[in-house]
Amino acid sequence: MTARKYKTLLTNKYKNRQVWQKPLPGDILSTLPGTIIEVEVQEGEEVQEGQLLLIHEAMKMFNRIVAPVTGKVISVGVKEGDKIGKNHLMVKIEPK
């Protein structure tokens with residue numbers, strides 16, 4: 001093995017990427033693009049941790065999205081039949 005040194009350069013794609021930020025505890029973001037099948041909550045409704053909020057179909061799988069915290073639903077950013085992309089804000093909950 002030789003004692004060569006290599007200089008690694010960052011690509012433009014890497015430099016221009018969106019920097020990851022930790023979501024707030026009450027923000028429910030989609031992890032995969034898909035379709036909203038069923039919405040179980042409305043704005044202003046009180047929800048408990050673990051309560052079903054909506055059903056999201058992605059890659060032919062039905063994903064049950066549940067409340068991560070107990071609180072009040074501030075906004076619902078989807079309705080049944082909506083096609084959404086990755087990192088779409090589906091529901092916002094104000095934690096108690």
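By convention here, the first residue in the shown sequence is residue 1. Note that this is a predicted model, so its numbers are computed, not measured. Scope of the values below: all heavy atoms of this structure, side chains included, with no hydrogens, waters or symmetry mates.
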Output the distance between atom CD1 (I28) and atom CG (L89), rounded to the nearest 0.5 Å. 8.0 Å

The reported gap from OG1 in T35 to CZ in F62 (rounded to nearest 0.5 angstrom) is 9.0 Å

I'd like to know if V69 and V76 are part of one continuous hydrophobic network [Ile/Leu/Val/Met/Phe/Trp/Tyr, side-chain heavy atoms within less than 4.5 Å]. yes

Connected via hydrophobic side-chain network under 4.5 Å: I93 and V41: yes

Quick check on side chain to side chain contact (heavy atoms under 4.5 Å, CB included): which of V66, V47, V39 does L53 satisfy it with? V47

Positive for side chain to side chain contact (heavy atoms under 4.5 Å, CB included) with L54, one of E40, E38, M90: M90

Side-chain contact, heavy-atom cut-off 4.5 Å: M59 with L32? yes

Going by heavy atoms in the side chains, are I84 and P33 under 4.5 Å from each other? no

Keeping to residues at least two apart or across chains, list the side chain to side chain donor-acceptor pair (under 3.5 Å) pairs with something in residues 20-30. D27-K92

Please list all pairs meeting side chain to side chain donor-acceptor pair (under 3.5 Å) that have one or both residues in residues 53-76, counting only residues at least two apart or in different chains. none

For E45, I'd like to know if atom CD has over 12 heavy atoms of other residues, nucleotides or ligands within 6.0 Å. yes

Is it the case that the side chain of D82 and the backbone of V78 share a donor-acceptor pair, with hydrogens and angles ignored and the cut-off at 3.5 Å? no

Minimum-distance pair of heavy atoms, taken over all atoms of G26 and P95: N-CG, 4.4 Å

Y14 and R17 have their tightest heavy-atom pair at O-NH1, 2.9 Å

